[in-house]
Novice: 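First, the structure itself, so that you have it in front of you.
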There are 2 protein chains.
Amino acid sequence: MGAPPRKSRATIIDIARLAGVSKSTVSLVLKNSTLVKAETRERVLGAMQALGYVYNRGAANLRLARSNIVGMVISDLMNPFFTELAVGIEEALYRAGYVPLLANTGEDPERQTRVLQSIFEQGVAGIVISPSNRSDVATLLDIARAGLPIVTVTRRLAESGLPYVGQDNTAGERIAVEHLIGLGHRRIGFLGGYATMATQRERVAGYKEALSAHGIVFEPILIAESPPTRSGGGAAVKTMIDLPDPPTAAVCFNDMVAVGAIRELSRQGIRAGRDFSIVGFDDIAEAAHNAPPLTTVTGETRQLGAEAAHVLLDLIAGAPAPSAPVIGPTRLIVRESSAAPASERTRLRA
Amino acid sequence: MGAPPRKSRATIIDIARLAGVSKSTVSLVLKNSTLVKAETRERVLGAMQALGYVYNRGAANLRLARSNIVGMVISDLMNPFFTELAVGIEEALYRAGYVPLLANTGEDPERQTRVLQSIFEQGVAGIVISPSNRSDVATLLDIARAGLPIVTVTRRLAESGLPYVGQDNTAGERIAVEHLIGLGHRRIGFLGGYATMATQRERVAGYKEALSAHGIVFEPILIAESPPTRSGGGAAVKTMIDLPDPPTAAVCFNDMVAVGAIRELSRQGIRAGRDFSIVGFDDIAEAAHNAPPLTTVTGETRQLGAEAAHVLLDLIAGAPAPSAPVIGPTRLIVRESSAAPASERTRLRA
DNA sequence: CTGAAAGCGCTTACAG
DNA sequence: CTGAAAGCGCTTACAG
């Protein structure tokens, strides 16, 4: 671990020597101080140029007891939703002069604990984390107690009391279901995810809210749990359509589940958007390009990432922790995978 | 930029004081030296525990003039191919005790130059980069000349002489086209990408090789350039089928182009895999779940990333640069988007 | 087996 | 306007 010494780079001392000044002066020109005479600064700049000087931020940070590195721990980078979240965080960080140390935990809580340790040792200024399923909260709290700012994003660790930024899953799922109800559906399934996932519980809550607001009784049998993946979605929709009294539509835990469900429907000769309506969640890039294009709910993923970064940056700057979860807005995007139920269309035509 | 000083963590000195030893001794137990007596080590360990000590790797690295941070610069993280590549690199790095500093350049050469500078200043041990289109090679060479190991991955910067690891694009595209020829196609298009992209040129070369090996004359009109995206693929296939004498099949620059092409075909009432064959490249996660499932070429993306990481790690450890590009294998995955041409099937049936 | 000292590349008062 | 000195948290010879 760690590299052996390499041909060493020029230091501030080398510059000072070449420019005929002290290293304090070099340091001053480095920070653009007005204290140093124009002519001297030119000389120093010239020396840097000549020696190919590169600032050693690590050394500076050690001296200043600070850091401009931030840990970014992502639960599943292969999931396009998290990819976009990571990109949002990364952009915001660079824009603020910070740089992200990446770890992809792949939903493995042990790996998460390990990388958290590495990142902590690295002396980062803070950590943004989308916690893996079954996260070890203790590790996170140990780090937080040591004084390191941490913000959780996307997945709420309610027990932890850690600052949280996420999208409004409940409201988002509510508008999704209301869209379907507005179209004339009354028997609506919920596909994918597990009740062990906070996000799923929040989305299911929105689903139930919409049903009850419209006087539709909730039927547990219309919730089909599955892995939050394409193949999970396929399996979930299968159990739905095999029901004695199947629904005419379903909202999905996320877009991958939705896409998988649509494939499975088509395999069964059922056309999504005509014979059966599907609504996703997340608006991943694939959603707009799906066949049929997917109706879905977006939580403005990239902006959400940026928001999480900003909350962390504020914390690092010494701001008090936000007193409540920071919840981003959610918006329905109607495309072609949802439509009035077939019976309804027939009726209208008649 | 940079955080203000925070409640400072315990240092080796605090530990030494509490354990009643010198800081040298603490450092020794930190590196598990056998020099220190068991009883002393216990005392030191206890003190660390009591003070919640966290090793400051940055300080250690400064002293040792080395680093265990590696820069990972990705040209387009939102593209699932690069996501998987990044995950492969990241995994290999952690496994070796290194940690990746991430930058997503989004194909913006200016952004690439900027983040390269940040990463360089951060004192990384080396850099793995999938160069953005129109990369500024000079920046890369400046950094390399300063003695920092760099490996390019996926996109060859031939002029740079930098170590390169990539997949065998030419061989991969050759087997893709030969698969189509074997199925009975003779008029085959190439969809997506631009000749300004090294990867596209390599793939087109494989396309031409296969054609000429089978006595099919290459027709420039059968190459439709487009952005390497889903919508690019849609546009490219459109120009193809609008040709007076359209092809019966096409290989695509990558899977996103292929998926976009299939959508467009379906919009035109043409069924991919029955009326028109499509072969992709990369085997992104979406490929297997596409409708129809996509025949494609894989370059074992994740392993390729790991390979790139290992080449860099070797360089960091002082190994000489590989004398030739490191080219990973490539494999055809036949799924349902390719089949014999319709005419052929008719003929067989007759 | 353990301690005192020097030094990694910086920054920041403090003098002058 | 510029220089000498101390110190950030470590490690590594070198003594003892």
Side-chain angles (χ1 to χ4, degrees), chain A residues 1-17 19-44 47-48 51-68 120-125 146, chain B residues 1-17 19-44 47-48 51-68 120-125 146:
Chain A
M1 163 170 38
R6 265 200 329 284
K7 167 171 54 138
S8 58
R9 315 199 292 207
T11 76
I12 223 182
I13 304 221
D14 302 316
I15 307 300
R17 194 146 29 211
V21 298
S22 80
K23 65 190 178 122
S24 320
T25 304
V26 176
S27 180
L28 254 14
V29 348
L30 239 22
K31 54 184 312 212
N32 266 309
S33 165
T34 53
L35 286 179
V36 28
K37 184 159 50 165
E39 184 216 335
T40 311
R41 110 179 279 91
E42 286 316 311
R43 212 151 18 103
V44 170
M48 287 179 181
L51 297 184
Y53 174 74
V54 178
Y55 186 63
N56 183 331
R57 194 170 298 278
N61 285 344
L62 174 59
R63 174 58 236 251
L64 296 170
R66 73 178 188 192
S67 168
N68 71 139
F120 193 18
E121 284 191 5
Q122 223 55 244
V124 296
Chain B
M1 162 168 43
R6 265 201 328 284
K7 168 172 52 139
S8 57
R9 313 200 292 208
T11 76
I12 223 181
I13 304 220
D14 302 317
I15 308 299
R17 194 146 28 209
V21 297
S22 79
K23 64 190 178 123
S24 322
T25 304
V26 176
S27 181
L28 255 14
V29 348
L30 238 22
K31 52 185 316 212
N32 266 308
S33 166
T34 53
L35 286 179
V36 28
K37 183 159 51 164
E39 185 216 336
T40 311
R41 110 180 277 92
E42 286 317 312
R43 213 152 17 103
V44 170
M48 288 182 180
L51 298 183
Y53 174 74
V54 178
Y55 187 62
N56 184 331
R57 194 170 298 277
N61 285 344
L62 173 59
R63 176 57 236 254
L64 296 170
R66 73 179 187 192
S67 168
N68 71 139
F120 193 19
E121 285 189 6
Q122 222 56 242
V124 297

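Letters go in sequence order (proteins before strands), and every chain restarts at 1. Scope of the values below: all heavy atoms of this structure, side chains included, with no hydrogens, waters or symmetry mates.
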Novice: Taking the side chain as everything from C-beta on, heavy atoms only, tell me whether B:Ile12 gets closer than 4.5 Å to B:Leu30.
Specialist: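 Of all side-chain heavy-atom pairs linking B:Leu30 with B:Ile12, at least one is under 4.5 Å.
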Novice: Roughly, in whole Å, what's the span from CG in A:Asn61 to C1' in D:dG7?
Specialist: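 My rounded result for the distance is 15 Å.
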Novice: I need the CG-C1' distance between B:Leu30 and D:dT12, as an integer number of Å.
Specialist: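 In whole Å, D:dT12 C1' and B:Leu30 CG are 14 Å from each other.
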Novice: For the CZ atom of B:Arg66 and the CZ atom of B:Arg57, what is their distance to the nearest 0.5 Å?
Specialist: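 Answer for the CZ-CZ pair, B:Arg66 versus B:Arg57, is 7.5 Å.
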Novice: Taking CZ from A:Arg41 and P from D:dT2, how many angstroms apart are they, rounded to a whole number?
Specialist: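 Between P of D:dT2 and CZ of A:Arg41: 11 Å.
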Novice: Please report, rounded to the nearest Å, how far the C1' atom of D:dG9 is from the OH atom of B:Tyr53.
Specialist: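 Checked: the OH to C1' distance equals 7 Å.
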Novice: With a 4.5 Å cut-off on side-chain heavy atoms, are B:Thr11 and B:Asn56 touching?
Specialist: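 Counting from C-beta outward, B:Asn56 and B:Thr11 never come under 4.5 Å.
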Novice: If you look at every heavy atom in A:Met48 and A:Ile15, which pair is closest and at what distance?
Specialist: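 Here A:Met48 and A:Ile15 meet closest at CA-CD1, 3.7 Å.
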Novice: To the side chain of B:Arg63, which of C:dA6, C:dC1, C:dT11 is closest?
Specialist: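 Shortest atom-to-atom distance from the side chain points to C:dA6.
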Novice: If you take all heavy atoms of B:Ser67 and B:Ala125, which pair is closest and at what distance?
Specialist: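 That would be O-CB, 3.4 Å.
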Novice: Among residues 20-28 of chain B, which ones have heavy-atom contacts with DNA chain D below 4.0 Å?
Specialist: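 Residues of residues 20-28 of chain B under 4.0 Å from DNA chain D: B:Lys23, B:Ser24, B:Ser27.
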Novice: Which one, D:dT11, C:dC10, C:dC8, comes nearest to the side chain of A:Tyr55?
Specialist: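 Nearest listed nucleotide: C:dC10.
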Novice: Name the nucleic acid region contacted by B:Val54, choosing base, sugar-phosphate or nothing; use a 4.0 angstrom heavy-atom cut-off, strictly under.
Specialist: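 B:Val54: backbone/sugar contact only, no base atoms under 4.0 Å.
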Novice: Specify the separation, in whole Å, of atom CZ of B:Arg57 and atom C1' of D:dT11.
Specialist: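 In whole Å, D:dT11 C1' and B:Arg57 CZ are 13 Å from each other.
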Novice: Grab the CG-C1' distance between A:Asn32 and C:dT11 for me, whole Å please.
Specialist: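 It is 15 Å, rounded to the nearest whole Å.
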Novice: Restricting to non-hydrogen atoms, name the atom on A:Phe120 and the atom on A:Ala146 that form the minimum distance, rounded to 0.1 Å.
Specialist: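 It is CZ-CB, 3.6 Å.
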Novice: Where do B:Arg41 and B:Leu28 land on the side-chain contact (heavy atoms from CB on, under 4.5 Å) test, with the steps shown first?
Specialist: CA-CA 9 Å; B:Arg41 110 180 277 92; B:Leu28 255 14; over 6 Å; no
Novice: Does C:dT12 have OP1 or OP2 under 4.0 Å away from a side-chain N or O of A:Lys31?
Specialist: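 Affirmative; the distance criterion is met.
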Novice: Map every base of DNA chain C to its dot-bracket character, where paired means a Watson-Crick or G-U wobble contact with both distances under 3.5 Å and | marks a partner outside the strand.
Specialist: |||.||||||||.|||
Novice: Over how many whole Å does the gap from B:Ile12 atom CD1 to D:dT12 atom P extend?
Specialist: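 Nearest whole value for this atom pair: 11 Å.
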Novice: Report the distance from atom CD1 of A:Ile15 to atom P of D:dT2, rounded to the nearest whole Å.
Specialist: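 In whole Å, D:dT2 P and A:Ile15 CD1 are 16 Å from each other.
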Novice: Looking at B:Ser22 and B:Ala16, what are the two nearest heavy atoms and their distance?
Specialist: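 Nearest pair, atom of B:Ser22 first, then B:Ala16: C-CB, 3.7 Å.
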Novice: From C:dA6, C:dC10, C:dT2, pick the nucleotide closest to the side chain of B:Val36?
Specialist: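 Given the options C:dA6, C:dC10, C:dT2, the side chain of B:Val36 is closest to C:dT2.
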Novice: Which comes earlier along DNA chain C counting from the 5' end, the contact point of B:Lys37 or that of A:Ala59, where each point is its nearest nucleotide?
Specialist: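 Its nearest nucleotide lies further toward 5', so the answer is B:Lys37.
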Novice: With DNA chain D as reference, determine whether A:Arg43 or B:Ile13 sits nearer its 5' end, using the nearest nucleotide of each.
Specialist: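 By nearest-heavy-atom nucleotide position, the 5'-most residue is A:Arg43.
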Novice: Can you list the residues that meet the side chain to side chain contact (heavy atoms under 4.5 Å, CB included) rule with B:Leu35, with sequence neighbours excluded?
Specialist: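 Checked B:Leu35 against side chain to side chain contact (heavy atoms under 4.5 Å, CB included); matches are B:Ser33.
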Novice: Do B:Gln122 and A:Asn61 have side chains that get closer than 4.5 Å, going by heavy atoms?
Specialist: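 Yes, at least one pair of side-chain atoms sits under 4.5 Å.
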